[in-house]
Amino acid sequence: MTLDDLGFSSRAIHAGQEPDPTTGAVVPPIHQVSTYKQDGVGGLRGGYEYSRSANPTRAALEECIAALEGGERGFAFASGLAGEDTVLRALLVPGDHVVVPSDAYGGTYRLFNRVLKPWGADHSIATVADVESVRAAIRPETRMVWVETPTNPLLGIADIAAIAEVTHEAGALLVVDNTFASPYLQNPIALGADVVVHSTTKYAGGHSDVVGGAVVVAPGARTRDGESVTERVAFHQNSMGAVAGPFDAWLVLRGLKTLAVRMERHCDNAETVVDFLQSHPGVTAVHYPGLPNHPNHDIAARQMKRFGGMVAFRVKGGEDVAAKVCGETELWTLGESLGGVESLIEHPGRMTHASVAGTELEVPGDLIRLSVGIEDAPDLIADLRQALDRLT
Ligand SMILES: *Cc1c(COP(=O)(O)O)cnc(C)c1O
């Protein structure tokens, strides 16, 4: 049996995770170590020399995530943004141009706007839900198109296959932030993406107990100059050094084993929550790609296995009411982040997306974002109901 023949959960549980050759331990040990004994100068055992360059626990995670995304190679980082930064430095030089989504994760946009731009790589904004908007934003010096789908926080859907075509026609590389969907629901490489990035802090880790990032490169991906994307990312991962530590890598690897069962429950609960929100008189709009009235529902249905655990909605009464609702739930925890087993509620305008206030990426003030956890759905609904009944 080769890995390629195995289903998603079999890969999540076994890829990169052969029982330990010396002890038979069925779980890869946490190799909490910085350096390795050499058998004579240059005589490395198993290729390990120094843990920034490679560490066995991190290597297990990197192999596993690559198998889950159908990539040539995976890389694990200290955070999602560390992975993103490494990809950008690896694949761009000052003077290059990037197309970025109009509702990107706030931290991603800040990286483009306040770190990459002063460094010399400018960007244009596109509405990635509309392929023509992406096409229009591409310039002669565009080397990369960055896509997030579903988008954060408005749950827009980008057509990955169509954007891959437009991107490749322009001789650029397509990077997809697959954090919201997770590799269980969506595999961008199969749809034409060159690079996939994840904040493993979210669904991959899944338990709100670790900050991490991952990058997976598509088989055979090359830069316009014919260089291997894998080689460039590998070089920059080691040269920039923003790697995942062994314990963090181990936590993410542990999280991945249950990703499929968690995602099924996240999706079930999200569907129940969406039904409830649609029936509540204080709710003016519900954003969820699983809804037939979502503008790109058909694309979501084509490229995602199910529609995920993230939901956004707008309330009557505007920004202050929205912020109050977020403070009045008990089971739903008011907090940033997403993708953990516990349900979270937040106000993007004043929290996750506060850094984009006043920019072209500002989000509606009456918007509330939910990360639907895996608790019992009736409890989640009852808590939302009491907060909405009182305040809207
Ligand atoms: C959280 C998040 C990131 C950033 O990841 P960190 O692990 O917080 O650095 C990037 N993209 C999306 C979609 C996210 O939700």
Side-chain angles (χ1 to χ4, degrees), residues 58 61 65 69 74-89 98 100-116 123 128-129 144 146-158 160 175-186 188 193 195-216 237 240-245 248-249 251-252 255-256 259 263 266 287 289 304 308-312 335-340 344-346 348 351-356 361 363 367 369-373:
R58 194 177 91 223
L61 169 59
I65 191 108
E69 284 290 10
F75 301 90
F77 292 90
S79 70
L81 286 178
E84 293 183 14
D85 189 32
T86 304
V87 165
L88 294 170
R89 311 284 174 164
V98 192
V100 304
S102 59
D103 52 356
Y105 172 73
T108 298
Y109 180 67
R110 186 174 53 200
L111 178 63
F112 279 112
N113 199 35
R114 299 189 51 193
V115 179
L116 256 287
H123 62 269
V128 293
M144 180 185 289
W146 190 280
V147 162
E148 211 180 294
T149 183
T151 62
N152 180 12
L154 287 165
L155 283 311
I157 295 290
I160 297 172
V175 180
V176 176
D177 182 337
N178 202 28
T179 298
F180 267 41
S182 89
Y184 178 66
L185 296 180
Q186 175 172 280
V195 177
V196 172
V197 301
H198 280 283
S199 169
T200 54
T201 313
K202 317 294 169 51
Y203 287 107
H207 295 74
S208 306
D209 54 8
V210 63
V211 171
V215 170
V216 181
Q237 183 193 40
M240 294 171 70
V243 293
D248 289 355
L251 281 170
V252 174
L256 287 175
L259 181 63
M263 286 315 294
H266 283 295
H287 299 265
M304 300 176 74
M310 297 302 295
V311 177
E336 303 198 353
S337 198
L338 61 113
L344 298 175
I345 187 167
E346 69 116 359
M351 295 171 61
T352 48
H353 290 64
S355 65
V356 299
L361 298 197
V363 296
L367 189 77
R369 188 186 81 177
L370 302 176
S371 170
V372 183

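Residue numbers count from 1 along this sequence. Just so you know, ligand 1 is whichever comes first in the structure, and atom 1 is the first atom listed for that ligand.
- Between Gly339 and His266, the shortest heavy-atom distance links the atoms O-NE2, 4.1 Å.
- When atom types are taken as modelled, the side chain of Asn152 and the backbone of Phe180 share no donor-acceptor pair closer than 3.5 angstrom.
- Of all non-hydrogen atoms in Thr149 and Gly156, the two that sit nearest each other are OG1-O, 3.9 Å.
- Contact between Ala76 and Gln237 at its shortest, heavy atoms only, is O-NE2, 3.1 Å.
- Set against the non-hydrogen atoms of Thr201, the atoms of ligand 1 under 4.0 Å away are 7 (O).
- For atom 11 (N) of ligand 1, the nearest non-hydrogen atom from the set Asn178, Thr179, Asp177 belongs to Asp177.
- Residue Gly212 approaches ligand 1 through these ligand atoms, each under 4.0 Å from one of its heavy atoms: 7 (O).
- Contact atoms of ligand 1 toward Glu148: 13 (C) (distance under 4.0 Å to a heavy atom of the residue).
- Atoms of ligand 1 found under 4.0 Å from any heavy atom of Ser199, numbered from 1 in the order shown, are 1 (C), 2 (C), 3 (C), 4 (C), 5 (O), 6 (P), 7 (O).
- Interface atoms of ligand 1 facing Leu338, defined by a heavy-atom separation under 4.0 Å, are 15 (O).
- For the pair Asp177 and Trp146, the tightest heavy-atom approach, listed with the atom from each and the gap, is CB-NE1, 4.2 Å.
- Distances below 4.0 Å separate heavy atoms of Glu84 from the following atoms of ligand 1: 10 (C), 11 (N).
- An N or O contact shorter than 3.5 Å is missing between Ala82 and ligand 1 by distance.
- Closest to atom 6 (P) of ligand 1, if we only count protein heavy atoms, is Gly80 N, 3.4 Å.
- With hydrogens left out, the protein atom closest to atom 9 (O) of ligand 1 is Leu81 N, 2.9 Å, a heavy atom.
- Between Asp103 and Val363, the closest side-chain pair of non-hydrogen atoms is not below 4.5 Å.
- From the protein, the heavy atom lying nearest to atom 4 (C) of ligand 1 is Tyr105 CE2, 3.4 Å.
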Would Val195 and Met144 count as a side chain to side chain contact (heavy atoms under 4.5 Å, CB included) if you check the C-alpha gap in whole Å, the side-chain angles of each, and the deciding distance to 0.1 Å?
CA-CA 10 Å; Val195 177; Met144 180 185 289; over 6 Å; no

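- Of the protein's non-hydrogen atoms, Lys202 NZ, 2.5 Å is the one closest to atom 2 (C) of ligand 1.
- Aromatic ring centres of Tyr109 and His123: separated by under 6.0 Å.
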